[in-house]
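This report concerns only the one structure given below.
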Amino acid sequence: ALKWLSDNNIEFTSIDLKSQWPSKQEMREYIEKSALPLKKHFNTSGVQYKALELSKKLPLMSEEGALDILTSDGMLVKRPLLIADDLVLVGFKEEEWEKQLL
């Protein structure tokens, strides 16, 4: 994703979500701007997600409970997370990024 942004001359600021994860309020805004369900913002292939057995627990949780867990550890957030004024893209899908950014 970083190479793609550079190759397409798109200015960006990189933030390491592992050490600086979004607050609950920021995550709410990102979810709204992305137009994706909350569960799409989880890093489902991550070690932490699997260790917490979230695939079993999330379907039984309230949205607020799931948001609490998502914002408790940056490793649970699906990356990359591209945040612009009116847009949030979750994960790197080149076609989607081209459509939205070029």
Side-chain angles (χ1 to χ4, degrees):
L2 296 176
K3 181 179 179 341
W4 185 90
L5 290 168
S6 293
D7 289 350
N8 286 283
N9 299 314
I10 297 172
E11 290 186 35
F12 63 92
T13 301
S14 180
I15 297 172
D16 181 7
L17 289 179
K18 295 179 219 172
S19 60
Q20 287 182 269
W21 56 86
S23 70
K24 202 169 174 181
Q25 182 57 37
E26 288 171 324
M27 205 65 225
R28 274 192 184 102
E29 291 172 19
Y30 301 160
I31 291 165
E32 185 178 316
K33 285 182 182 179
S34 74
L36 294 172
L38 171 63
K39 66 182 180 180
K40 293 288 187 182
H41 290 264
F42 277 90
N43 177 12
T44 58
S45 61
V47 173
Q48 188 72 350
Y49 182 90
K50 292 175 183 175
L52 294 172
E53 297 182 331
L54 291 176
S55 63
K56 296 175 188 173
K57 294 176 183 176
L58 281 177
L60 306 173
M61 290 182 154
S62 67
E63 186 168 310
E64 196 67 20
L67 191 56
D68 284 340
I69 287 179
L70 180 61
T71 57
S72 71
D73 186 336
M75 295 300 289
L76 291 172
V77 179
K78 184 169 180 129
R79 300 176 303 277
L81 189 61
L82 185 133
I83 303 156
D85 292 335
D86 59 347
L87 172 73
V88 170
L89 299 175
V90 180
F92 180 66
K93 296 178 185 140
E94 189 170 351
E95 279 185 23
E96 182 180 358
W97 284 39
E98 282 179 6
K99 180 180 172 186
Q100 297 292 337
L101 301 172
L102 299 180

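Because the structure is a prediction, the values reported are computed rather than measured. Just so it is clear, the values below take in all heavy atoms, side chains as well, and ignore hydrogens, waters and symmetry mates.
Residues I83 and L38 fall within the same hydrophobic cluster, defined by Ile, Leu, Val, Met, Phe, Trp and Tyr side chains chained together at heavy-atom separations under 4.5 Å.
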Quiz: residues 87-101 side-chain donor-acceptor pairs under 3.5 angstrom, not counting sequence neighbours:
{"from": "W97", "atom 1": "NE1", "to": "G91", "atom 2": "O", "distance (Å)": "3.1"}

Please tabulate, for side-chain N and O atoms in residues 48-67, each donor-acceptor pair with protein atoms closer than 3.5 Å (sequence neighbours left out).
{"from": "Q48", "atom 1": "NE2", "to": "D73", "atom 2": "OD2", "distance (Å)": "3.4"}
{"from": "K57", "atom 1": "NZ", "to": "L52", "atom 2": "O", "distance (Å)": "3.1"}
{"from": "S62", "atom 1": "OG", "to": "G65", "atom 2": "N", "distance (Å)": "2.9"}
{"from": "E64", "atom 1": "OE1", "to": "R28", "atom 2": "NH2", "distance (Å)": "2.8"}
{"from": "E64", "atom 1": "OE2", "to": "K24", "atom 2": "NZ", "distance (Å)": "2.5"}
{"from": "E64", "atom 1": "OE2", "to": "R28", "atom 2": "NH2", "distance (Å)": "2.7"}

What's the verdict on side-chain contact (heavy atoms from CB on, under 4.5 Å) for M75 and V47, showing C-alpha distance, side-chain angles and the deciding distance?
CA-CA 8 Å; M75 295 300 289; V47 173; over 6 Å; no
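Expressed to the nearest 0.5 Å, how far NZ of K39 lies from CZ of F42 amounts to 11.5 Å. For the atom pair CD1 (I10) and CG (L5), the distance works out to 5.5 Å, reported to the nearest 0.5 Å. Atom CG of L82 and atom CH2 of W4 lie 8.5 Å apart (nearest 0.5 Å).
Every side chain to side chain donor-acceptor pair (under 3.5 Å) that S34 has, sequence neighbours left out, goes to H41. With sequence neighbours excluded, the residues that form a salt bridge (Lys or Arg N to Asp or Glu O under 4.0 Å) with D7 are K3.
The hydrophobic cluster of I15 has no other members, since no ILVMFWY side-chain heavy atom comes under 4.5 Å of it.
Sorted pairs that involve residues 75-87 and meet side chain to side chain donor-acceptor pair (under 3.5 Å), not counting sequence neighbours, are lacking altogether.
Residues F12 and S6 come closest through the heavy atom pair CE2-OG, 3.8 Å.
Using a 4.5 Å cut-off on side-chain heavy atoms (C-beta onward), T71 and S23 make no contact.
Heavy-atom contacts from other residues, nucleotides or ligands closer than 6.0 Å to NZ of K33 number more than 12.
Among the candidates T44, L17, I69, N43, the single residue satisfying the side chain to side chain contact (heavy atoms under 4.5 Å, CB included) test with L76 is I69.
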